[in-house]
Amino acid sequence: MDLSAYRALWRTPGVFALLTAAVVARIPVIASLVPMAFLAKDAAGNFGWAGVVAGAYSVGMAVGGPVWSRLADRRGGRGVVIATGVAWGVAMAVLALMPSDAYRLMPVISGLAGAFVSPVTSTLRAAWPRIVQGSRLRAVYALDATAAEVLFAIGPMLGALVVSFASPRAGVLTAAVAAGISIWWFGLRQPPAVPHDESKGARLTAPQLLWHRHRLPLIFAFAFSVTAFASVSLGIVAFADAHGNRLIAGALETVWAIGSLAGGILVGALPGRRKSYVWRRTLLVSTGMLVCAFATWSPVSLGIALMLSGCGLAPMVGALYERLGAMTPESVKTETFGWMQSAGMAGGAVGSAVAGVVVEAFGVRYVWVMAAVLTLVAAVTVLRVPPHTPADDPEPVERQAVPQEA
């Protein structure tokens, strides 16, 4: 292991402040999902309506993400991030305060809230190449993907705690207020927009941006991977239910996240002296999913398999982020990551739906077979994507500062 990349990141001005602000800004948005589901269930009397409300929210996110990301590339991230953050907070506050007998309006309000989800994630990932380069860039993307695992580990738990000790309304309203403040803080740290050089031609349209021999496969690979991850999450719930103890689901999700955390930190600390192919990391995740399919005879065996397979998740996702950023012009980076997030949202919705059918038709273990196939398809999709190479590294600053002897 080589911790020099992390030490270099620590010394780079603005890196950890930006990452911390992004994590804090995303926590309320993720934490709001659990209270919102319970709010819809309590209003309508069934979880089916909660699914409708959550689906409308996802559709809004998928539609709004690329729009705000493209606007952030053109106008700068600061104004877009802050404006959408405030709008999301207002929409969620309306959802929290509306009377229960108006529950039929919930999908409309939640859809608007989803459409105004602030492009924190896409602006963050577009900003990294402007701040760091070389091995530090690979390390910061791995750290970013690892931080996402932390978010999905603690965000829903925080939302559930507020629901348990207060109420769903209080949970949604708390998330609305916290997001307004934290997203404002993150927005103030946004770098200015990258000016477009008109001498190099017109700004890329959405079809031109997406229809690229490397960008499109990377976005598809991300969508396939998120589809696999969503199916596994539902498979874990079904596994716990089959064993008669729903607490098993929380334990297995946590173990899976811990494995991903460990993998992300380890890969960020590797010296990076060899070429790094995205397809290799994706194939490793596919192998891990297949191992899980043969470990479903007990919670302990599945927990061990999930821990091992999870070690590849953050490194794979970080590599997808890094390669997509490297293959995209500066002036449209935010929009590209916005499309990636929308593809992931669509994949997540499909994964959860299909996994339910697989569980009912074939059994729980075949959810992991499906996930292995999906990640294998993702690996094949990015076979021709160029690797990250050590040659991408700039010469270390310390070495440049030493004068050469005559």
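When reading the values below, keep in mind they use all heavy atoms of this one structure, side chains included, and skip hydrogens, waters and symmetry mates.
L19 CG to R189 CZ: the interatomic distance, rounded to the nearest 0.5 Å, is 11.5 Å. One finds the CZ atom of F16 at 11.5 Å from the CZ atom of R11 (value rounded to the nearest 0.5 Å). In this structure, the separation between CG on L320 and OG1 on T282 is 5.5 Å, given to the nearest 0.5 Å. With rounding to the nearest 0.5 angstrom, the CD1 atom of I219 is 8.0 Å from the CZ atom of R215. Remark: Y103 OH to M98 CE distance equals 11.5 Å, nearest 0.5 Å. Atoms CD1 and CG, from I183 and L188 in turn, are 12.0 Å apart once rounded to the nearest 0.5 Å.
Put simply, the side chain of S167 gets close to the backbone of A170: a donor and an acceptor are under 3.5 Å apart. For S286 (side chain) and A372 (main-chain N/O), a donor-acceptor pair under 3.5 Å exists by modelled atom type. In this structure, the side chain of R70 does not engage the main chain of E335 through any donor-acceptor pair within 3.5 Å. No side-chain donor-acceptor contact under 3.5 Å links R323 to the backbone of L218. With T123 contributing its side chain and V120 its backbone, the two residues share a donor-acceptor pair below 3.5 Å. In this structure, T227 contributes its side chain and G347 its backbone to a donor-acceptor pair below 3.5 Å. One N or O on the side chain of S298 and one on the backbone of S301 form a donor-acceptor pair closer than 3.5 Å. Judged by distance alone, with hydrogens and angles left aside, the side-chain atoms of S260 form no donor-acceptor pair with the main-chain N or O of L313 at under 3.5 Å. Listed for the T287 side chain is a donor-acceptor partner under 3.5 Å among the backbone atoms of L283. A distance-only check finds no donor-acceptor pair linking the side chain of R365 to the backbone of T296 [under 3.5 Å].
The residues D73 and K333 are annotated as not salt-bridged, no charged nitrogen and carboxylate oxygen being separated by less than 4.0 angstrom.
For the pair L124 and T121, the minimum side-chain heavy-atom distance is 4.5 Å or more. Inter-residue side-chain proximity for V373 and M289 is flagged as unmet; no heavy-atom pair is nearer than 4.5 Å. Contact check for L39 versus M106: side-chain heavy atoms found under the 4.5 Å cut-off. Between P35 and V162, the closest side-chain pair of non-hydrogen atoms is not below 4.5 Å. Residues W256 and M307 have side chains not in contact (no heavy-atom distance under 4.5 Å, counting atoms from C-beta outward). Contact check for V232 versus W368: side-chain heavy atoms found under the 4.5 Å cut-off. Residues P386 and H214 form a side-chain contact, since some pair of their non-hydrogen atoms from C-beta on lies under 4.5 Å apart. Considering only heavy atoms from C-beta on, S225 stays 4.5 Å or farther from L374 through its side chain.
Under the 6.0 Å distance and 45° angle rule, R125 does not count as a cation-pi partner of F337.
Of the candidates F224, W279, F222, F224 is the only one forming a side-chain contact (heavy atoms from CB on, under 4.5 Å) with T381.
Residues A40 and W49 share a closest heavy-atom pair of O-CD1, 3.7 Å. In terms of heavy-atom proximity, T375 sits nearest to A228 at CG2-CB, 3.9 Å. When all heavy atoms of S69 and P119 are compared, the pair lying nearest together is OG-CB, 4.0 Å. Across all their heavy atoms, A175 and S32 have their closest contact at CB-CB, 3.6 Å. The shortest non-hydrogen separation linking G235 to V367 is CA-CG1, 4.0 Å. Nearest heavy-atom pair across P217 and H212 is CD-O, 3.5 Å.
Residues R169 and S100 have side chains that bring a donor and an acceptor to within less than 3.5 angstrom of each other.
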Yes or no on side chain to side chain contact (heavy atoms under 4.5 Å, CB included) for I181 and V177, after CA distance, side-chain angles and deciding distance?
CA-CA 7 Å; I181 297 171; V177 174; 4.2 Å; yes
Audit row: C292, L306, side chain to side chain contact (heavy atoms under 4.5 Å, CB included) steps and yes/no
CA-CA 6 Å; C292 289; L306 282 169; 3.9 Å; yes
With side chain to side chain contact (heavy atoms under 4.5 Å, CB included) as the criterion, how do I131 and V15 come out once you've worked through the C-alpha distance, each side chain's angles and the decisive distance to 0.1 Å?
CA-CA 7 Å; I131 301 174; V15 168; 3.7 Å; yes
Between M61 and Q341, is a side chain to side chain contact (heavy atoms under 4.5 Å, CB included) present by the stated rule, with each step listed?
CA-CA 9 Å; M61 282 187 67; Q341 290 303 115; over 6 Å; no
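Every residue two or more places apart in sequence or in another chain was checked for a ring-ring contact (aromatic ring centres under 6.0 Å, His included) with F220, and none qualifies.
Within 6.0 Å of the CZ atom in F294, the count of heavy atoms belonging to other residues, nucleotides or ligands does not exceed 12. Surrounding CH2 of W184 are at most 12 heavy atoms belonging to other residues, nucleotides or ligands under 6.0 Å away.
With ring centers used as reference points, F116 lies under 6.0 Å from W68.
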